[in-house]
2 protein chains.
Amino acid sequence: MTQVTIKDLALNLGLSTSTISRALRNHPDINIETKKLVRAAALKLGYEPNIVARNLKTKYSNQIGIIIPEIKHDFFSKAISGIEEVAYNAGFTVIVSQSNEDEEREKINTNALYLHRVAGFIVSLSQTTQNIDHFKILIEKGVKIVFFDRVWEEDDLYKVVIDDFKASKDAVSHLISKGNRRIVHLAGPQILQNCRGRFEGYKEALEEAGIPFDENLVLHGGMHEDDGLKSIKQLIAQNIEFDSIFAVNDPVAVGATLYLKKMGIEIPGKVSIVGFSNNPITEYMSPSLTTIEQPAYEMGKKAAEVLISLIKGEDGFPEKKITLETNLIEREST
Amino acid sequence: MTQVTIKDLALNLGLSTSTISRALRNHPDINIETKKLVRAAALKLGYEPNIVARNLKTKYSNQIGIIIPEIKHDFFSKAISGIEEVAYNAGFTVIVSQSNEDEEREKINTNALYLHRVAGFIVSLSQTTQNIDHFKILIEKGVKIVFFDRVWEEDDLYKVVIDDFKASKDAVSHLISKGNRRIVHLAGPQILQNCRGRFEGYKEALEEAGIPFDENLVLHGGMHEDDGLKSIKQLIAQNIEFDSIFAVNDPVAVGATLYLKKMGIEIPGKVSIVGFSNNPITEYMSPSLTTIEQPAYEMGKKAAEVLISLIKGEDGFPEKKITLETNLIEREST
DNA sequence: ATGAAAGCGCTAACAC
DNA sequence: GTGTTAGCGCTTTCAT
C-alpha cells in the first residue's frame with residue numbers, strides 16, 4: 001500500500017514538487033513539454049493524488065453530504081439520483097447518510113460528515129426532529145446547507161419544496177368533485193412542515209366547497225403503511241362514517257387500502273382513496289391509487305444546483321426558496 | 001469558518017500539542033486532571049477534531065465505501081441498513097455510491113472513493129460490468145473489498161451470498177409440486193453469477209422431476225419490470241404454451257403479472273408465478289406474489305462484519321465465502 | 001517557467 | 001506524564 005507521491009515524481013524527473021503539482025493540475029505557468037513529461041511519469045509510476053492531503057491543504061472538499069430519513073422511500077432514492085446527476089457533472093462526489101427517522105442519528109451523521117469537512121449538505125429532516133439547532137450551528141460556522149421536501153419553516157434557510165398546501169387541496173378537491181363529502185384525512189406528524197401544509201390544504205378544499213370541517217375525520221399518525229392501516233381500523237371500529245380518504249402519503253394510503261380490502265369494502269365503490277407521492281407501487285396495486293406526483297428527481301437536481309452555487313460562492317445568490325410543480329394522477333381508486 | 005485547533009488549546013493551556021492530542025484521545029499516559037482541563041478547554045473554545053488531518057497522518061480512515069447498482073431496489077436499501085448497523089457500532093461511517101448499473105460509473109465512483117482513502121469497500125456489481133479489473137487492482141494495492149449478492153465467481157475474493165442455485169431450485173420445485181410442467185424462466189443477464197445460479201437451479205429442478213428442458217421456455221432479459229412484461233408479451237405472441245413462470249427477480253415477475261392481467265389471463269388459475277427477493281410490493285399486489293425471501297439486511301450485516309474484521313487485520317481471517325439461507329414464501333400467485 | 005520553503009492539523013517516535 | 005520534533009502529501013506564496 002505504499003503510495004507514489006508527488007515527491008517521487010519530482011525525484012524521478014529532477015524537478016521540484018511544486019512544478020509537479022502545478023503540471024498535474026494543468027497550471028498555465030508550466031511548460032507544455034514539462035507537463036507531458038510529468039504526466040507520462042505519473043502514469044508510469046502509478047501516481048494517484050491523495051485527495052485527503054489536498055483537502056487538508058486547501059480546506060476545500062468536493063464531497064456533498066446528503067442527510068435523509070430513509071433511503072428505501074422511492075421519493076428519496078429518486079431525489080438522490082437527481083442530486084448525483086448534477087453533482088457529478090460539477091465534479092462533486094456524493095455521500096448518502098440515513099437518519100432512519102431518528103433525530104439522534106441525524107445529529108450524529110451530520111456531525112460525522114461535518115468533521116470530514118464535506119463541502120456542503122443537502123438535508124431532508126427526520127420525522128422525530130424537534131429542532132434544527134444541529135444544522136443552525138453549522139450554518140453559523142459557514143457550512144452551506146440546502147433543505148428539501150421535509151424542511152424547516154424559516155425564511156433564511158435555503159430550501160427546495162413543493163407546494164404541499166396546493167397539492168393537497170387539489171387532491172381533496174378531486175375527491176369532492178367525485179361527489180365525496182365525508183373525507184377522512186390521515187395526517188402525518190405535524191412537526192413536519194409538509195405534513196402541516198397538507199393538512200391545511202385539506203381544510204382549505206373543504207371550506208371552498210362549503211363542507212364543514214369535522215375533527216373526527218382527521219387522524220394523526222406516522223408515515224408508514226401500518227399507520228394507515230391502524231387509523232382506518234380504528235375509524236371503522238368507532239363506527240364513524242366516511243366516503244373517502246386523503247392520506248398524507250402513499251404508504252399510508254396503501255395501508256388503508258389493505259384494511260378496507262380485508263374488510264371487503266369496495267374501492268372506489270364505497271370508499272375512494274387518494275395518496276401522495278406517486279410511488280411505483282401505486283400503479284401496480286389493485287385498485288391502482290390516485291395520487292399526487294411529486295417531482296423527486298427534479299427536487300434533487302434543484303437542491304444540488306443551489307448547493308453547488310452556494311459552495312462556489314457564485315454571485316447572484318440563488319433564491320432562498322424554490323417551489324416545484326405537482327400533478328394529480330387519477331387512477332382506479334377514485 | 002476559522003477552526004479551533006489543537007494548537008489553540010495548547011496555547012490556551014500552556015501545554016504542548018502532543019499532550020492535547022493524547023488527552024483528547026484519552027491516552028493512558030496523560031494525567032487525569034490534565035485530561036479534564038483539556039476537555040473543558042476544548043468545549044469552551046469549541047474545538048472540533050479535523051478528521052481529514054488525522055486521516056492524512058495516520059493513513060487510516062473510518063469510512064466504508066458501498067458500491068451498489070441502484071439504491072432504489074428494496075434489496076439494496078435493506079442491505080445498506082444492515083451495513084450501517086454494524087458499521088456505526090464499530091465506529092465506522094458509511095458512504096453510499098450507486099453505479100446505476102453502469103460499469104463506467106462503477107469505476108469512476110470506486111476510484112473517487114479510493115482516492116478519498118476509504119478504509120474498505122462493500123460491493124455489489126453492476127449488470128453491465130464485464131470484468132472486475134478495477135477492483136482487482138485495488139485489492140492488489142491492499143484495499144479491502146467484500147462483495148455481496150452480485151459477486152464475481154473467483155475463489156480468492158471475499159463474498160457474502162445466498163445459494164441462488166438452491167433457492168431457485170426450491171422455487172421451481174414448488175411450481176412443479178403444484179402440477180406445473182411447462183415452466184417459463186425469465187432469466188437475468190448471465191454475466192451476473194447469481195443469475196447464472198438461478199438458471200442452473202431451474203434446470204436442476206426440472207431434471208429432478210424428469211421434465212425435459214425446453215429452450216423455448218427460457219427468455220433472457222434484464223432485471224426490471226418492463227423486461228418481464230416484454231418477455232411474456234413476446235412469448236404469447238409466439239403462441240408458446242406455458243403454465244407457469246419463474247422470474248429471476250420480483251420486478252420481472254411484477255412485469256409479467258401486469259401483462260397477464262392485462263390479457264385477462266388468470267393467476268394462478270391459468271398461469272402461476274414465482275418471483276425472487278420478497279420485495280414489499282409482492283405482498284401488496286394482486287394477486288400477491290409467491291417469492292424467495294432473501295436476507296438482505298443480514299447480508300449487509302455480514303458483509304460489514306467481514307470487511308471490518310479485514311480492516312482491523314484480525315487474526316482468524318473470516319471465511320472467504322459466506323452463504324446465507326433463503327426461504328420460499330408462498331402467496332396467491334401459485 | 002521553475003524552485004525553496006512554509007504550513008494545513010494532526011499524530012507519534014523519541015527524549016526527558 | 002509531558003515536550004520536542006518531524007512529517008503525512010499536498011498547495012502556495014515568494015523568490016529567482
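Computed from a predicted structure; not experimentally measured.
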- Task: In whole angstrom, give the distance that lies between atom CD1 of B:Ile32 and atom C1' of D:dG1.
- Result: 12 Å
- Separation of D:dT5 atom P from B:Lys7 atom NZ, nearest Å, is 14 Å
- Item | Over 12 non-hydrogen atoms of neighbours within 6.0 angstrom of NZ in A:Lys35 | yes
- Message: With hydrogens left out and only the distance checked, is there a donor-acceptor pair under 3.5 Å joining B:Arg22's side chain and the base of D:dG3?
- Response: yes
- Heavy-atom neighbours of B:Lys7 NZ exceed 12 at 6.0 Å: no
- Would you kindly give the CD1-to-P distance between B:Ile20 and D:dG1, to the nearest whole Å? 16 Å
- Message: Could you tell me if B:Glu48 and A:Tyr114 have a donor-acceptor pair between their side chains, going purely by distance under 3.5 Å?
- Response: yes
- Nucleotide nearest B:Thr19 (side chain, heavy atoms from C-beta), chosen from D:dT2, C:dT11, D:dC10: D:dT2
- Query: Which nucleotide in the list D:dT12, D:dT2, D:dC8 gets nearest to the side chain of A:Thr58?
  - Reply: D:dT12
- Item | Selected nucleotide, minimal atom distance to B:Ser16 side chain, candidates C:dA4, D:dT4, C:dG9 | D:dT4
- Message: Just to be sure I understand the rule, does B:Arg25 reach a base, reach only the sugar-phosphate, or reach nothing, if contact means heavy atoms closer than 4.0 Å?
- Response: sugar-phosphate
- Over how many whole Å does the gap from B:Ile6 atom CD1 to D:dC8 atom P extend? 18 Å
- Query: Contact class for A:Asp29 vs. all strands (heavy atom < 4.0 Å): base, sugar-phosphate, or nothing?
  - Reply: base
- Integer-rounded Å distance: D:dC8 C1' and A:Arg54 CZ: 16 Å
- Compute whether any side-chain donor of one residue and acceptor of the other, for B:Tyr297 and B:Glu85, lie under 3.5 angstrom apart. yes
- Item | Proximal nucleotide (of D:dA6, C:dT2, D:dC10) relative to the B:Lys57 side chain | D:dA6
- Which listed nucleotide (D:dT2, C:dC8, D:dC8) is nearest to the side chain of B:Leu15? D:dT2
- Message: Side chains of B:Ser18 and B:Ser21 only: does a donor on one sit below 3.5 Å from an acceptor on the other?
- Response: no
- Nearest-Å distance, CG (B:Leu11) to C1' (D:dG3)? 14 Å
- Message: By the 4.0 Å heavy-atom rule, please label B:Tyr60 as base, sugar-phosphate, or nothing.
- Response: nothing
- Message: Looking only at the side chain of B:Thr17 (C-beta and beyond, no hydrogens), which of the listed nucleotides D:dT5, C:dG9, D:dT11 gets closest?
- Response: D:dT5
- Look at all strands and tell whether A:Ser21 reaches a base, only sugar-phosphate, or nothing, counting heavy atoms closer than 4.0 Å. base
- Task: Look at the side chain of A:Thr34 and decide which nucleotide, out of D:dG9, D:dG3, C:dT2, has an atom nearest to it.
- Result: C:dT2
- Query: Between B:Arg39 and B:Asn26, is any side-chain donor less than 3.5 angstrom from a side-chain acceptor?
  - Reply: yes
- Message: So, OP1 or OP2 of D:dG9: does either fall under 4.0 Å of a side-chain N or O from B:Lys59?
- Response: yes
- Note on the structure: Separation of D:dG7 atom C1' from A:Gln3 atom CD, nearest Å, is 14 Å
- Message: Within the 4.0 Å heavy-atom criterion, would you say A:Ile51 contacts the bases, only the backbone, or no part of the nucleic acid?
- Response: nothing
- State which of C:dT11, D:dT12, D:dC10 makes the closest approach to the side chain of A:Ser18. D:dT12
